[in-house]
Amino acid sequence: MGYRILETDDIPAYLHERGHWADVTDIHVREVSDGNMNRVFLASNADGSHSLAVKQALPWVRVAGPSWPMSPERADAEARAYEQVAKVAPDKIPVIHGYDADNYALVMEDMSDLEVLRTVLNEGASYGPDASARIGEFVAQLTFATSDFGMDSADRKALIAASVSPELCKITEDVVLSEPYIEHEHNHWLPELADLAASFRADARLRTEVADLRYTFMTSAQALLHGDLHTGSVMVGEREGAPVVRVFDPEFSFVGPIGYDLGLYWANVLVSEERARELGALTDHGDQLRLSWEAFETEFRRLWPTRVDTFFDDAFVDRFLSRVWTDSVGYAGTEIVRRIIGFAHLTDLTTLPDPVPASRRTLLLGRELIVRREELTSPEHIRALV
Ligand SMILES: Nc1ncnc2c1ncn2[C@@H]1O[C@H](COP(=O)(O)OP(=O)(O)OP(=O)(O)O)[C@@H](O)[C@H]1O
Ligand SMILES: [Mg+2]
């Protein structure tokens, strides 16, 4: 492996050595890793006035151990994405204090005063006025800046080359954009959904549409993406009375189709809506897709006059955004499907007293989003379908 794997007890000396912390005797550390992939430690001093988070990628998938090797270079992708976002949307990510490329470790702001959006939603709270709008803006700001509208052509080619992430893209190509539609040992589902899983595998039209989205994912180098923009990659809360939204964990970042980021978020929004419907606890769920799209579109159009290449004219941006919309609808569908009959499922549904009705409804919605995405041209069309 050739690098230093940090344990809880190593963190104080590590932070001191790296120049992040003066008094090495006053650092208390706890591990808070709750994801599948990496380790996260929180360090704070005795009176709580100073704290930092350390995230390190191991040379394997954390929850699987050495039997599932995975290159720690995913941490490079995460650091690179944060570096790009910091230029255009620093208020929407944690403050990054440093990246140690030798040890694949990122030192960043401690956000433990905030909560993961999925947790907040699963506990029955609403989104509030801010979360989806900030996320839509986040996607617009990151993707405009790293597209051929925001960067000169040579810099863009360099960004594309530097951001190639074959291992993590392959995970998405397999787990999200093919396995759920074929027989595969990764797939599993509730027994009551076996009929739908079988019909999806036999559905030639569905498969061709997923192939189309998969091909776009593989080839459409529109802009730098977050790559895993689900509600577990967003923290929300309040600081000094003002709402705070922070997007984190961009380790799947690569240069791809913008609709992939929006679609992933929308899938999670729609799944959380079906959870709330099942529990009789619907609040503002139905507004979120529209709010995030409107914020994305508004911000993208606001930035449009600053584009570096004015051969792309005003009529072109309309066409471009309408393609992004259609891709987003399709990717929302693929993300829903894979979260119900694929490898990794969502607690939104799995923790329901009876997950079957909501899972069936959502799965059928996912299929419609994929196959009918060309005719679903507005948030209202999607509301009608839901
Ligand atoms: N900067 C931070 N401040 C406070 N807590 C954090 C911070 N970063 C991560 N966490 C906590 O650690 C958890 C895991 O972080 P993260 O999602 O980045 O790791 P991961 O291993 O890449 O997860 P996944 O398997 O979902 O990809 C988060 O859900 C959150 O609870
Ligand atoms: Mg992650």
Side-chain angles (χ1 to χ4, degrees), residues 5-6 8 11 15 20-21 27-44 48 50-65 68 70-82 85-86 90-100 104-123 165 167-172 175-176 225-239 244-254 261 264-265 267-268 335 338-339 342-348 350:
I5 299 223
L6 299 168
T8 307
I11 299 291
L15 287 173
H20 295 293
W21 211 296
I27 310 184
H28 305 269
V29 182
R30 62 194 166 101
E31 184 175 352
V32 294
S33 324
D34 68 358
N36 298 320
M37 304 278 277
N38 307 292
R39 279 176 133 179
V40 181
F41 302 94
L42 298 182
S44 60
H50 184 41
S51 63
L52 287 173
V54 181
K55 176 172 178 178
Q56 186 178 39
L58 304 174
W60 50 72
V61 174
R62 185 183 68 85
V63 292
W68 186 346
M70 180 161 305
S71 165
E73 284 164 18
R74 59 190 186 272
D76 297 338
E78 182 157 355
R80 234 173 5 238
Y82 277 137
V85 183
D91 55 324
K92 297 187 180 73
I93 52 170
V95 177
I96 303 301
H97 295 289
Y99 178 57
D100 170 7
Y104 304 101
L106 197 63
V107 177
M108 65 182 136
E109 173 186 352
D110 171 17
M111 302 188 290
S112 54
D113 59 319
L114 308 177
E115 271 191 291
V116 174
L117 179 58
R118 186 186 311 287
T119 309
V120 170
L121 295 171
N122 279 352
E123 287 168 356
S165 181
E167 203 177 18
L168 273 75
C169 283
K170 180 83 166 83
I171 294 177
T172 303
V175 172
V176 184
L225 308 184
H226 177 284
D228 195 20
L229 190 51
H230 56 81
T231 49
S233 297
V234 180
M235 295 229 191
V236 295
E238 230 182 68
R239 284 179 183 167
V244 175
V245 179
R246 296 277 186 276
V247 176
F248 69 105
D249 195 17
E251 64 184 326
F252 278 80
S253 180
F254 75 110
D261 269 0
L264 218 71
Y265 182 63
N268 281 263
E335 178 67 7
R338 75 101 167 187
R339 292 298 196 173
F343 191 21
H345 296 192
L346 293 176
T347 53
D348 311 44
T350 58

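Ligands are counted one by one from 1 in listed order, and the atoms in each one are counted from 1 as well.
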task = Would you tell me whether D76 and Y99 have side-chain atoms, one donor and one acceptor, within less than 3.5 Å of each other?
result = yes
ask   = Going by distance alone, is a donor N or O of one side chain under 3.5 Å from an acceptor N or O of the other, for T347 and N122?
value = yes
Heavy-atom donor-acceptor pair, [X] side chain to [Y] backbone, under 3.5 Å:
| X | Y | result |
| --- | --- | --- |
| T231 | L117 | no |
| E115 | G237 | no |
| T8 | E31 | no |
| S233 | L229 | no |

ask   = If you measure from each non-hydrogen atom of L114 to ligand 1, which part falls under 4.0 Å: side chain, backbone, both or neither?
value = neither
message = Please classify the R39 to ligand 1 contact at 4.0 Å (heavy-atom distances, strictly less than): side chain, backbone, both or neither.
response = neither
Could you list which atoms of ligand 1 come closer than 4.0 Å to a heavy atom of [X]?
| X | result |
| --- | --- |
| K55 | 16 (P), 18 (O), 19 (O), 20 (P), 22 (O) |
| E251 | 22 (O), 27 (O) |
| A53 | 1 (N), 2 (C), 3 (N) |
| D110 | 3 (N), 4 (C) |
| M108 | 1 (N), 8 (N) |

For [atom], grab the closest protein heavy atom and report residue, atom and distance to one decimal in Å.
| atom | result |
| --- | --- |
| atom 25 (O) of ligand 1 | N36 N, 2.5 Å |
| atom 9 (C) of ligand 1 | V40 CG1, 3.7 Å |
| atom 17 (O) of ligand 1 | D249 OD2, 3.3 Å |
| atom 23 (O) of ligand 1 | G35 CA, 3.4 Å |
| atom 4 (C) of ligand 1 | M111 N, 3.4 Å |
| atom 30 (C) of ligand 1 | M235 CE, 3.7 Å |
| atom 13 (C) of ligand 1 | D34 OD1, 2.9 Å |

query = Applying the side-chain hydrogen bond (donor to acceptor under 3.5 Å, both in side chains) test to N38, which of Q56, R74, R62 qualifies?
reply = R74
inquiry  = Quick check on the Mg ion (ligand 2): does D249 put an N/O/S atom closer than 2.8 Å to it?
reply    = yes
message = Within 2.8 Å of the Mg ion (ligand 2), is there any N, O or S atom belonging to E251?
response = yes
ask   = Which is closest to atom 1 (N) of ligand 1 in terms of heavy atoms, R74, E109, R118?
value = E109
remark   = Judged by heavy atoms only, the candidate from V32, N38, V116 nearest atom 20 (P) of ligand 1 is N38
For E109 against I93, the heavy-atom pair lying closest together = OE1-O, 4.3 Å
message = On a heavy-atom basis, which atom in D261 and which in H226 lie closest, and how many Å separate them?
response = OD2-N, 2.7 Å
For [X], is at least one N or O under 3.5 Å away from an N or O on ligand 1?
| X | result |
| --- | --- |
| E78 | no |
| D228 | no |
| S33 | no |

ask   = Can you find a non-hydrogen atom of G232 under 4.0 Å from ligand 1?
value = no
request  = Classify the ring geometry between H97 and H20 as parallel (under 30°), tilted (30 to 60°) or perpendicular (over 60°).
outcome  = perpendicular
key: Check: Y82 and P250 side chains under 4.5 Å, non-hydrogen atoms   = yes
request  = With the side chain counted from C-beta on, respond yes when D113 and R239 share a heavy-atom pair under 4.5 Å apart, and no when they do not.
outcome  = yes
query = Does D249 pair with K55 as a salt bridge, N-O distance under 4.0 Å?
reply = yes
